[in-house]
Student: 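Sharing a structure, written as structure tokens. Questions coming.
From a predicted model like this one, the values you see are computed outputs, not experimental measurements. Residue numbers start from 1 in every chain, and the chains themselves are labelled A, B, ... in the order their sequence lines are given, proteins ahead of strands.
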Protein chains: 4
Amino acid sequence: MSNQDFMMDTFFEDEEGLTEKQKKIILAAIESFSEKGYAATSTSEIAKKAGVAEGTIFRHYKTKKDLLLSMITPMMGKFIAPFVIKDINKVLDHRFEHYEDFLRAMIENRIEFLKKNLPLFKIIIQEIPFHPELKAQFKEHIGNKVFERVSEMFKHYQDKGQIIELPSKSIIRLAASTIFGFLISRYIIFPEADWDDEAEMERTIQFIMHGLTPKDEFIPGSETE
Amino acid sequence: MSNQDFMMDTFFEDEEGLTEKQKKIILAAIESFSEKGYAATSTSEIAKKAGVAEGTIFRHYKTKKDLLLSMITPMMGKFIAPFVIKDINKVLDHRFEHYEDFLRAMIENRIEFLKKNLPLFKIIIQEIPFHPELKAQFKEHIGNKVFERVSEMFKHYQDKGQIIELPSKSIIRLAASTIFGFLISRYIIFPEADWDDEAEMERTIQFIMHGLTPKDEFIPGSETE
Amino acid sequence: MSNQDFMMDTFFEDEEGLTEKQKKIILAAIESFSEKGYAATSTSEIAKKAGVAEGTIFRHYKTKKDLLLSMITPMMGKFIAPFVIKDINKVLDHRFEHYEDFLRAMIENRIEFLKKNLPLFKIIIQEIPFHPELKAQFKEHIGNKVFERVSEMFKHYQDKGQIIELPSKSIIRLAASTIFGFLISRYIIFPEADWDDEAEMERTIQFIMHGLTPKDEFIPGSETE
Amino acid sequence: MSNQDFMMDTFFEDEEGLTEKQKKIILAAIESFSEKGYAATSTSEIAKKAGVAEGTIFRHYKTKKDLLLSMITPMMGKFIAPFVIKDINKVLDHRFEHYEDFLRAMIENRIEFLKKNLPLFKIIIQEIPFHPELKAQFKEHIGNKVFERVSEMFKHYQDKGQIIELPSKSIIRLAASTIFGFLISRYIIFPEADWDDEAEMERTIQFIMHGLTPKDEFIPGSETE
DNA sequence: AATGAATGAGGTTTCATTCAT
DNA sequence: AATGAATGAAACCTCATTCAT
């Protein structure tokens, strides 16, 4: 399964019916929101950056909040797209003998996606706590859709004894924390540090693997815990 | 080493010289900032919530930003306090035979601290990306002080073969991601979900352990990876 | 003289050359202006209500003010139409022996007209004070044309001793106040009160009669109300 | 009963606790609202006219609408004050043998009041149709309080046979229409015409008298008007 | 130390009007 | 004739900050 099956990398793919000015507005808004935060960004600033009149923003987006939502909703949809493939188990059996291969493919793919949409990703994680609508959207999309699919997948490998017996929620939380933690450290908190990207990615994935792998897969009856 | 050695639970401990009004202002600001974000909170709102006049805030804190920093700086200090004990290795040897015991104590303790200061913790992680001074402070405190100490500790156990050979930076990043990920999921994103706190804490710690433990501690030469 | 001779009930009678869209615009504008006032109504709102594009309004009416005038001017013309009949005295002698009959016919007829055009009537009385052009129009039409004619009529009956000797201006003012006062109370201020329309109309007319009739016309037993 | 008993002529009498700036704001707002209408007056215009910063307006009045209400509510209170005297019948018997004397005193007094507060009076009659709160206030004050009192008074004279047997509501409506009609003609529509104020006032009052007086009270030679 | 009125810059949003299609 | 995207001035309102009391 190539990464290309999963990905949807640029924001305006599949976004039809946007005028040129609308695109410029969205781009400018993404840039500003991600740099200064939603509340600290003024619409006049966005207008200037987009090269349009301030009124133009409000012709397309009734309110500033509307503008925010108009970029987050499609992004969420694209993020979960790969999880919504039907008959995921067939894909799994067919393509990935060991869960590690699958997990690696999945993680690399979604990391790739987020890297390509970093500013938007940053906006989402920054603003979710302050906007109940966003939170609701997030819960519905990630919390439900993705949860269902990923549970299914994990169950597939748990049945094979390749993944430890944890509640899906916990597994997802732990894996997601590690992944998001990597992205946030790498691109948001310490972007200008000296990173060996390939190695860090590998370490991150390894860490998840180890954490999720049953100890006694390796040696029956070994550890104490 | 009891948890009590580490902790500093309420905000005003060790904060001398604060008038009653100042405390009310800080408390009100913490509440508002954490609920709505720094930029979206007005000083007049804080004044009203604190029961003081608008001018009073500016008598004590020259600007709104000052007010923000005045709560974050001490919080950071308190967070890192347990890491700044001298001769940490002595403590380690003396008290914790296995790294797991140490890690568990450390994690539980810091989680306890953050839980007791959740709103402030939330403010810090929300605002760091938007305030260079904060970022600088964070890097200096966490990034340096804590890093040094924790590196030292990890090296201690790496030398014993109890922890895998990863760069300290990576280890800290992975452990921190998992811990913060737990707290953020638990208290910020899904606070009203149905959590089995004790079990989740245990899973979180286990996850870190597994992820950091050398595989061949369990069985030499076993897996392929 | 039947009421039908006087009346011009619907707005678009005699309005040739208006496209379908223009009519919709006018109708929408009348509704909005009368509900919210001219200044508080936006052209975009009118466009939406009329089901046309915003630009279409300005194709037909150069400015918003133009749109206002385009509805008020014809309305004024229609209101005064019955007063502009030539040789009114002939009509009077021919048809109305007693002034009361004439006055009643006149009042009933004009009330009927205004009732049929209430929203527009409301707009006119609301906006006149704020638009000099309107005020000028009003003065010229009502203040001059109507004044002349009505003066003539009143003089006709004053000569017969049926109406007290007051300046025409005062008579008109008093009669008009009473009539407009009725309409405004009935339809604008207390439209949802419980009105006995026929009785109130009768009382209104009686009030004008009494107020304008010389006292000593009423010798005992002449009539009882 | 001298007119002075009734009157409350300037707006700020009895208005305590207003800062100098607040008074200037109110005065400027009254002037502008009455000249251009509420909706067509901008707050910046009021601020400039009042010589204060625009923000100052909003420190004292949360919204523009608030500012409007803050001037209308006291005005209504003052207008109805004379009607709320207890035991009005005692006053009537004691002081006014004939209803004409009473009516004249009352009318002259209230006209005097309105003349002294013309701009505010104009604002009220202009804005009532567009603001439900105002309408409600108006109904409660004028429609109830005044109505009750005036009904009582009229009944007093109706019992003596001096006023015709009409429902109080109708009487008040007719009298009010005539009075307001005079004021509106005189001061709002044709303020610059050539008025003989004393004569017109007299005619207005006479008109009400005649309209309300039973016809058969007037036997020949009874009085000459 | 504390107040809260006052400020004016700037925030979001609305609006009448224009113009290319 | 009709559209509706685009404009930019101006509307209402908020805000951090100052200062006389």
Student: Going by an N to O cut-off under 4.0 Å, is there a salt bridge joining D/E35 and D/K122?
Tutor: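 Here D/E35 does not pair with D/K122 in a salt bridge, since their nearest N and O are not under 4.0 Å apart.
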Student: At less than 4.0 Å, is any side-chain N or O atom of A/S44 found next to OP1 or OP2 of E/dG11? Yes or no.
Tutor: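 For E/dG11, OP1/OP2 do have a side-chain N/O of A/S44 under 4.0 Å.
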Student: When the nearest nucleotide of DNA chain E is assigned to C/K62 and to B/G51 on a heavy-atom basis, which residue is associated with the more 5' position?
Tutor: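 Nearest-nucleotide comparison on DNA chain E picks B/G51.
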Student: For D/V52 and for A/K65, locate the closest nucleotide of DNA chain E by heavy-atom distance; then report the residue assigned to the nucleotide nearer the 5' terminus.
Tutor: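 By nearest-heavy-atom nucleotide position, the 5'-most residue is D/V52.
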Student: Out of B/L120, B/I72, B/I46, which one pairs with B/F33 under the side-chain contact (heavy atoms from CB on, under 4.5 Å) rule?
Tutor: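 Answer after filtering B/L120, B/I72, B/I46: B/I46.
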Student: Hey, is the side chain of C/T56 poking within less than 4.0 Å of OP1 or OP2 on F/dT3, counting only N and O atoms?
Tutor: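 Answer yes for this pair, as a side-chain N or O of C/T56 is under 4.0 Å from OP1 or OP2.
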Student: Over how many whole Å does the gap from C/E54 atom CD to E/dC19 atom P extend?
Tutor: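 Atom CD in C/E54 sits about 16 Å away from atom P in E/dC19.
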Student: So, OP1 or OP2 of E/dA6: does either fall under 4.0 Å of a side-chain N or O from D/R59?
Tutor: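 Checking D/R59 against E/dA6: no side-chain N or O falls below 4.0 Å of OP1 or OP2.
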Student: Please determine whether salt bridge (charged side-chain N to carboxylate O under 4.0 Å, His left out) holds for the pair C/E54 and A/R59, giving the CA-CA distance in whole Å, both sets of side-chain angles, and the decisive distance to 0.1 Å.
Tutor: CA-CA 13 Å; C/E54 297 190 45; A/R59 166 155 294 276; 3.3 Å; yes
Student: Send over the distance from D/I57 CD1 to E/dA5 C1', rounded to a whole Å.
Tutor: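 Those two atoms, CD1 and C1', are 14 Å apart.
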Student: Given that D/K64 and C/H60 both sit by DNA chain F, which one's nearest nucleotide is further toward the 5' end?
Tutor: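 By nearest-heavy-atom nucleotide position, the 5'-most residue is C/H60.
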Student: Once you apply the 3.5 Å cut-off to both distances, tell me the Watson-Crick or G-U wobble partner of E/dA1, or none.
Tutor: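 The base-pairing partner of E/dA1, which may sit in any strand shown, does not exist here.
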Student: Find the distance D/E20:CD to E/dA6:P and express it as a whole number of Å.
Tutor: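 Computing the D/E20:CD to E/dA6:P distance gives 10 Å.
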Student: Scan D/S42 against the nucleic acid and name what it touches under 4.0 Å (heavy atoms): base, sugar-phosphate only, or nothing.
Tutor: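 Since only primed, P, OP1 and OP2 atoms lie under 4.0 Å of D/S42, the category is sugar-phosphate.
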Student: For F/dT17, which nucleotide in any strand shown is its Watson-Crick or wobble partner with both distances under 3.5 Å?
Tutor: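 Pair assignment: F/dT17 / E/dA6.
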Student: Expressed as a whole number of angstroms, how long is the span from B/E45:CD to F/dA16:C1'?
Tutor: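 After rounding, the reported distance stands at 13 Å.
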Student: Taking CD1 from D/I46 and P from E/dA6, how many angstroms apart are they, rounded to a whole number?
Tutor: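 Atom CD1 in D/I46 sits about 16 Å away from atom P in E/dA6.
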Student: Distance check needed: F/dA16 P versus D/F58 CZ, whole Å only.
Tutor: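 These atoms are roughly 17 Å apart.
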Student: Give the C-alpha distance, both sets of side-chain angles, the deciding distance and a yes or no for ring pair (Phe, Tyr, Trp, His ring centres under 6.0 Å) between D/Y38 and D/H131.
Tutor: CA-CA 11 Å; D/Y38 169 78; D/H131 307 270; 5.2 Å; yes
Student: Rounded to the Å, how far apart are C/K48 NZ and F/dT3 P?
Tutor: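 Answer to the nearest Å: 15 Å.
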Student: Using heavy-atom distances to pick each residue's nearest nucleotide on DNA chain F, tell me which of D/T43 and A/K21 is more 5'.
Tutor: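 Upstream on the strand: A/K21.
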Student: Apply the salt bridge (Lys or Arg N to Asp or Glu O under 4.0 Å) test between C/E31 and each candidate in C/K48, C/K36, C/K24, C/K49; give the one that qualifies.
Tutor: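 Exactly one option meets the salt bridge (Lys or Arg N to Asp or Glu O under 4.0 Å) with C/E31, and it is C/K49.
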Student: Return the value, rounded to whole Å, for the distance between atom CD of A/Q22 and atom P of F/dA5.
Tutor: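 Checked: the CD to P distance equals 8 Å.
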